[in-house]
2 protein chains.
Amino acid sequence: MLATEAMRLAIAQARLGGVATYTNPQVGAVLVKDDRVIAVGYHHQFGGDHAEVDVLKQVSAAVAKGATLIVTLEPCSHFGKTPPCCRRIVSAGIAKVIIGQLDPHPVVAGRGRDYLLAHDVIVETGCLTAQVKALNPHYNWFYTHQRPWITLKAALTLDGKVNAQAGQRSLISNQAAYVDSQGLRSQSQAILIGERTLTTDDPALTVRLQALAHPPVRLILLHTSDVAVDRQVAQGGIVPTYLLCRQASTSDGLLARRANVHVLVDDWTPTKISNWCAQQGWQSLLVEGGSHVQASFAAAGLVDEVVWYLAPTLFGGTALPAIQGPTKPQALAFQAPVVTPLGDNLKVQWQRKVVD
Amino acid sequence: MLATEAMRLAIAQARLGGVATYTNPQVGAVLVKDDRVIAVGYHHQFGGDHAEVDVLKQVSAAVAKGATLIVTLEPCSHFGKTPPCCRRIVSAGIAKVIIGQLDPHPVVAGRGRDYLLAHDVIVETGCLTAQVKALNPHYNWFYTHQRPWITLKAALTLDGKVNAQAGQRSLISNQAAYVDSQGLRSQSQAILIGERTLTTDDPALTVRLQALAHPPVRLILLHTSDVAVDRQVAQGGIVPTYLLCRQASTSDGLLARRANVHVLVDDWTPTKISNWCAQQGWQSLLVEGGSHVQASFAAAGLVDEVVWYLAPTLFGGTALPAIQGPTKPQALAFQAPVVTPLGDNLKVQWQRKVVD
C-alpha cells in the first residue's frame, strides 16, 4: 500500500472532526500492517483523544506491534489535555510513523519527530504535506505568524455597496449566501464588528444553523459601551461578548454584570486587537464590518482573506462601499480568487499573496 | 435533415460576420434540397450582400428552384443598401423559408414574412429563436426599446475601487483583462467617458488590438470643451469624437475645425445622451467611467449590463469606488452573473433583469 493512499485516507478521517476540534487541529490517523489498513481514527473534538490514540485504541497490543502509523500531523510530545502521543506510539511498538506535516505549535515543533527517532522508530515526513496543511489553515497560520488569520467578510451589491445609505440596514444577500456565511462564522473563533454596524444592524452574531460546542466569541469595537446597552450581543448569555471600548463609560459596570459580557477599555487599533486575540489563543478573526473597520484593517495590512457575497443589485451613487474610511490606503496583493455561484449571488474569496 | 440542424449551421455562419456587420445584424443562411445542404452563406459586412443573396449566388437557378432556405433573420422587404431579399427569394422559386426570428427593425417587422406568404412560399418561424436572438442582442434591443444597449464597464480592485485616489491614474487590470476589454470596445458602437476620466487618464478610447472598419465613436461628457484641447481623443483623426458640453466655450471653434471632432452644447443627461445615440443609430453604448458618470446612468435606470474586471488588489479607505456620486441611488436588479477567470483577474458580467 502506498504511503500517499494511506495519507489520503488519514486526511479524510481528519475532516470528520470539523469545527468540533475548535482551536485544536483536525488530525487523522491510519494503522497499516502487512500492507493492509487495520484501523482508522481521528481527533473527534476539542479535549478528546488525539487521532493516534483513537486509532491505537481499536487494535490489540499484539496487532499494533510492528505496524506503521500514518498520521496527518506530527504526534505531540508534551503533556497537554492528554498525555503525549509519542510515548504511546513507542510503548505500542509501532515500527514506522509517516507524518503529513510537522506541528508548528511551539511545544511540539519537531520534538515529536525527534522523540520517535530517539526511540528507534522509523520516521518519514513530507507525505502530501500541502493537502495536509490545507486541513488547518488557521491553526498553521497562527503558530507560524503568532496572530489570527484575519478575514474580511461582507455582503455587497455588484457595485460594492453594503447598504443603500449609511446608517440604513439593507437586505442584500439571498438565502444561499446567508447559509454559506453562517458556515463561515462557524469556522471562525472570533467575529468583530464596529459601532456603526452594531447600531444599524443590531446583529446577534451567532451561528444559527448549527449547534456548536465552541461558537465564535463576539468582539464589538466601540467608542464607549453606552450604545451597546440595549443591543442583542450585549444582553448576556453563553457566547462571550467583548466590548472593546476606546473610553470608559458609566455603562461599563452595568454591562460587565451581564453573563459573559466583558468591557475592555484601551486605545484599540487593528494591531492591538490582533495581538490580543492571539493572547486569547483565537486562531481566526472574521471582520464583518462596517466599512470603517474593514478600511482600518486594510490600512494596517491585517487582511489575510477577503470573502464577498455579491448580489445582482446595483445601489448606485450615495450608497456605502464595503471598505471606506479616512485611513490612508495601502495596496495589498491577493491571489487569484475562488468563485462559488450561490443562486444568483456570487461568493468570491481572495487569499493574500504571502511572501514568507 | 432537421430544421434545427440547418438552423444551427446558419447560426454558425452568421457568427462569421462578427463586428464587421456593424449596425447590421449578423445573419446566416443555409439552402437545403432533397434533404441535403447545398449551400451556406452569411452577411459578411456592413453594406455587403445579405445572407440570403450570399447563399443564392452560389447555386444555379435550376438548383435553387424548389429548395428550402433556412435563415436566422426574417428576409428584408425594403430597398435599403441592397434590393429586398424577399423578391429575390420568390423569383428564385424557393419553396419554403424557415426563419429563426422576425426582424424587429420597423421597416421589416413581419413584412418580409407576409410578402413570402403572399407569394405562396411556405414560411416556418420560431426555429431556435432564443439562440438566434443571442446573435444580435444590441440590434434586437435597439429596435425593441428604441435606445442603445448601455453597458457600464470598469477595471476594479477587489474592494471596488477604480483608482487609489481620485484624480490619480492607477493601473489595475492584468494583460488578459486588458485584451478582453478591447474586445468589449470592438463590440460597441459608441464609448462614453466623463471629464474626470478624460483629465486623469487621457485615454485614446480606440480599439488597438484589431483593425475595425467601424470603430466605436468616442463621446466625452464635459462642462466645457476647454479641458479637451490637449487630449488624445480631441486631436482629430478617422474615429469621430463628440464633445458633449454643458456650456459653450471659446475653445469650441478651435476643436470643431479638427477632423471628425464635434462640439455639441446641450444640457446633457443620461436620457438625453441615450436618445441622441438612438437618433444616430448607435445600438450600443459602453460607459467607461468615471464614477460620477456611472452613478448618473444608474440613477437614471439606464444600465442594461455591468462588466467588471476585478483585480486581486485591495486599495482600501480613501480610494474611489466604481460607482459613486451625488445622484440619488436607485436599486436596479440584475440576473445571475457570468464569470470568466482571466489569469488572476475576474471578469463578471451582469445583465439587467428585464420585465417586458
Side-chain angles (χ1 to χ4, degrees), chain A residues 152 154 156-161 163-165 170 172 174 291-292 294-301 303 306 308 310-346 348-353, chain B residues 152 154 156-161 163-165 170 172 174 291-292 294-301 303 306 308 310-346 348-353:
Chain A
L152 306 192
L156 314 179
T157 61
L158 67 86
D159 56 325
K161 316 292 189 183
N163 51 30
Q165 225 168 286
S170 306
I172 289 173
N174 66 10
S291 306
H292 277 65
Q294 309 273 39
S296 67
F297 274 82
V303 182
V306 174
W308 288 162
L310 288 175
T313 310
L314 196 165
F315 272 169
T318 54
L320 192 69
I323 299 181
Q324 184 81 346
T327 47
K328 197 175 176 300
Q330 171 182 348
L332 307 178
F334 290 73
Q335 301 171 48
V338 175
V339 178
T340 313
L342 297 168
D344 63 0
N345 282 203
L346 207 63
V348 192
Q349 297 167 272
W350 288 269
Q351 290 197 356
R352 187 80 170 275
K353 242 184 203 162
Chain B
L152 306 191
L156 313 179
T157 61
L158 67 86
D159 56 327
K161 317 291 189 184
N163 52 30
Q165 225 168 288
S170 306
I172 289 175
N174 65 10
S291 306
H292 277 63
Q294 307 274 40
S296 68
F297 275 81
V303 182
V306 173
W308 288 162
L310 288 174
T313 310
L314 196 165
F315 273 169
T318 54
L320 191 68
I323 299 183
Q324 185 81 347
T327 47
K328 195 176 177 302
Q330 172 182 348
L332 306 179
F334 289 74
Q335 301 169 50
V338 175
V339 179
T340 313
L342 297 168
D344 63 1
N345 282 204
L346 206 63
V348 191
Q349 297 167 273
W350 288 269
Q351 289 198 354
R352 187 81 170 276
K353 243 185 203 163

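Values below: all heavy atoms of this structure, side chains included; hydrogens, waters and symmetry mates excluded. So that the names make sense, note that chain A is the first sequence line, chain B the second, and so on, each numbered from 1.
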Looking only at heavy atoms, which two atoms of [X] and [Y] are closest? And how far apart?
{"X": "A/T313", "Y": "B/A331", "value": "CG2-CB, 4.2 Å"}
{"X": "B/F334", "Y": "A/L158", "value": "CD1-CD2, 3.7 Å"}
{"X": "B/G316", "Y": "A/I323", "value": "CA-CG2, 3.8 Å"}
{"X": "A/P321", "Y": "B/P321", "value": "CG-CG, 3.9 Å"}

message = In the structure I gave you, are the side-chain heavy atoms of A/K353 and B/P312 within less than 4.5 Å of one another anywhere?
response =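 Side-chain contact under 4.5 Å: no.
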request  = Report yes if some heavy atom in the side chain of B/W350 is under 4.5 Å from a heavy atom in the side chain of A/L314; otherwise report no.
outcome  =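 No, too far: nothing below the 4.5 Å cut-off.
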query = Given the options B/D344, B/L332, B/T157, which has more heavy-atom pairs under 4.5 Å with chain A than any of the others?
reply =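 Of the options given, most contacts go to B/L332.
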query = Side chain, backbone, both or neither: which part of A/L310 has an atom under 4.5 Å from a heavy atom of chain B?
reply =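 Contact with chain B: side chain only.
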ask   = What part of A/L346 gets closer than 4.5 Å to chain B, counting heavy atoms only: side chain, backbone, both or neither?
value =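 It is the side chain, since no backbone atom gets that close.
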ask   = From A/D159 CG over to B/W308 CH2, what is the distance, rounded to the nearest 0.5 angstrom?
value =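 Those atoms lie 7.0 Å apart.
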